[in-house]
Visitor: 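Take this structure, written in structure tokens, and hold onto it; I'll ask about it next.
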2 protein chains.
Amino acid sequence: IIKLVNVHKIYRQGEIEFYALKGVSLSILEGELISIMGPSGSGKSTLLNVMGLLDRPTKGKVLIEGIDVSRLSDRELAYIRNIKIGFVFQFFNLINRLTIYENIELPLLVRNLSKKEKRMLVQSAILRAGGDLSWLAKRPNQLSGGQQQRVAIARALVTSPKIILADEPTGNLDRYSGKLVMEEFLKLNSMGQTIVIVTHDPEIANCTKKIVYIKNGEIVKVDTNDIN
Amino acid sequence: IIKLVNVHKIYRQGEIEFYALKGVSLSILEGELISIMGPSGSGKSTLLNVMGLLDRPTKGKVLIEGIDVSRLSDRELAYIRNIKIGFVFQFFNLINRLTIYENIELPLLVRNLSKKEKRMLVQSAILRAGGDLSWLAKRPNQLSGGQQQRVAIARALVTSPKIILADEPTGNLDRYSGKLVMEEFLKLNSMGQTIVIVTHDPEIANCTKKIVYIKNGEIVKVDTNDIN
Ligand SMILES: Nc1ncnc2c1ncn2[C@@H]1O[C@H](COP(=O)(O)OP(=O)(O)OP(=O)(O)O)[C@@H](O)[C@H]1O
Ligand SMILES: Nc1ncnc2c1ncn2[C@@H]1O[C@H](COP(=O)(O)OP(=O)(O)OP(=O)(O)O)[C@@H](O)[C@H]1O
Ligand SMILES: [Mg+2]
Ligand SMILES: [Mg+2]
């Protein structure tokens, strides 16, 4: 469902060229649940951003459901991203002047839904992310770090996208809240959603069927995890 | 060195009163290394902000080295904070338009130091935090999440403050980088610095001599850890 072919991402600062990704090739099949692990600075967020069409590779191809996205305009890319992908950002990217309700509702705005339908989806999303309905009227800066993280997760879930990409979704959560989030991801995966999780937590990675290891912008190992 | 007496922190939204901290009393002796653990939303960041003079309690007293800080003006508070305390924020609070060098240098600006002295302190700080000298010319948005976290740690270390307060300093780090940070904290503690770490990671907490557990804004348990 996502295919990366020889993807490179180069950042230039004047004369200096830095390779954040060097020749990364990866195929993710529909319905897979995989984690990506690696040292800080190894390229995980960059890789996820390329998969999630938030960033274009410097070289190489990205195919979403077989479509080569380099052929698409920014507008078409944004459309595909909104329809097919739910993204949990490493630092949430919540909008401070909107309420939590409005933040979670954001991905729904391009669809033709009634006020009532949207409210049900938003409420369901925040509960599924392990959050609380009482947060909906608040603003992001009135919530704790872990609470904001769960709001970011809810926003990624609200459209029930085919593909969920999560960048360190439990980094600010205690073990219990982190478990609830993983249980929701496992449930969604059992119903067919494709999920890719970047994580530093081996306990999270151990819940997934495949672990991709990245180091210095390259994939160095892929482990298949035999879980129940 | 830090004493909280019956501290309350109340947030009001119209008629609604929410107690983020309810009657918290805590004494931290000079040279202690303690961790604070608890569920997401339990009040850890609020507690650390009150200890670090970034926030004033609604009720109760805060004493820093015996001085009741409620008697001080905001300006005097800021002065004490700059001189005595190094704070690592949960979300770093780096300034995007400054370089990494300038970000780490910030706490040094009120002191009378030569350019050379400042450069040595900044370079030492970033290395001690497990970072790399090559980051110094960059800007925060050119670094990965974990790299930014280590810059935030470096900024808290650069003045060698008596008290270091760290809010989840390893949340975005891989195990190896997290270990390097803890080793530095242990080293500083062995040289007399008082260190308080808010963490969700039991492995980090196990390196500290005392663990304070907080739940729903109250301290529920204090464990003394017998480590080598
Ligand atoms: N400005 C505010 N207005 C209303 N409530 C607030 C405000 N700031 C924080 N709170 C509430 O205070 C409680 C404690 O927040 P705090 O940030 O201290 O939690 P925490 O223990 O650090 O959580 P985490 O582990 O998720 O970072 C939370 O329930 C939060 O919703
Ligand atoms: N705009 C940029 N300009 C220059 N270098 C960049 C830029 N953005 C990222 N990098 C570099 O690319 C590398 C990979 O960054 P990335 O954010 O993907 O790492 P990561 O694996 O997600 O790390 P972490 O676990 O710390 O979040 C890092 O070394 C970073 O310094
Ligand atoms: Mg990252
Ligand atoms: Mg917090």
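Chain identifiers are assigned alphabetically (A, B, ...) following the order of the sequence lines, protein sequences preceding nucleic acid strands; residue numbering begins at 1 within each chain. In this text, all values refer to a predicted model and were calculated from it rather than measured experimentally.
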Visitor: With respect to chain B, which residue among A:Met37, A:Arg175, A:Gln142 yields the maximal number of heavy-atom pairs within a distance under 4.5 Å?
Guide: A:Gln142

Visitor: Compare every heavy atom of B:Gln90 with every heavy atom of A:Asn172, then report the nearest pair and how far apart it is.
Guide: OD1-NE2, 3.2 Å

Visitor: Which atoms of A:Tyr176 are under 4.5 Å from chain B, going by heavy atoms: the side chain, the backbone, both sets, or neither?
Guide: neither

Visitor: Among A:Arg150, A:Gln149, A:Gln147, A:Gln148, exactly one meets side-chain hydrogen bond (donor to acceptor under 3.5 Å, both in side chains) together with B:Ser40. Which residue is that?
Guide: A:Arg150

Visitor: Tell me, out of A:Pro202, A:Gly38, A:Ser144, who's got the most heavy-atom pairs with chain B below 4.5 Å.
Guide: A:Ser144

Visitor: When only pairs under 4.5 Å are counted, which of A:Pro39, A:Ser177, A:Ala137 shares the most heavy-atom pairs with chain B?
Guide: A:Pro39

Visitor: Counting only non-hydrogen atoms closer than 4.5 Å, does A:Phe92 touch chain B with its backbone (N, CA, C, O), its side chain (CB onward), both, or neither?
Guide: side chain

Visitor: Under a 4.5 Å heavy-atom cutoff, which of A:Gly146, A:Ala20, A:Ser45 has the most pairs with chain B?
Guide: A:Gly146

Visitor: Near A:Lys22 NZ, under 6.0 Å, is it more than 12 heavy atoms from other residues, nucleotides or ligands?
Guide: yes

Visitor: About how many Å separate CG of A:Asp201 and NE2 of B:His200, when rounded to the nearest 0.5 Å?
Guide: 12.0 Å

Visitor: Are B:Lys138 and A:Phe18 in a cation-pi setup, meaning NZ or CZ lies under 6.0 angstrom from the ring centre and within 45 degrees of the ring axis?
Guide: yes

Visitor: What residue in B:Gly171, B:Gly145, B:Gly178, B:Gly41 has the most heavy-atom pairs under 4.5 Å with chain A?
Guide: B:Gly145

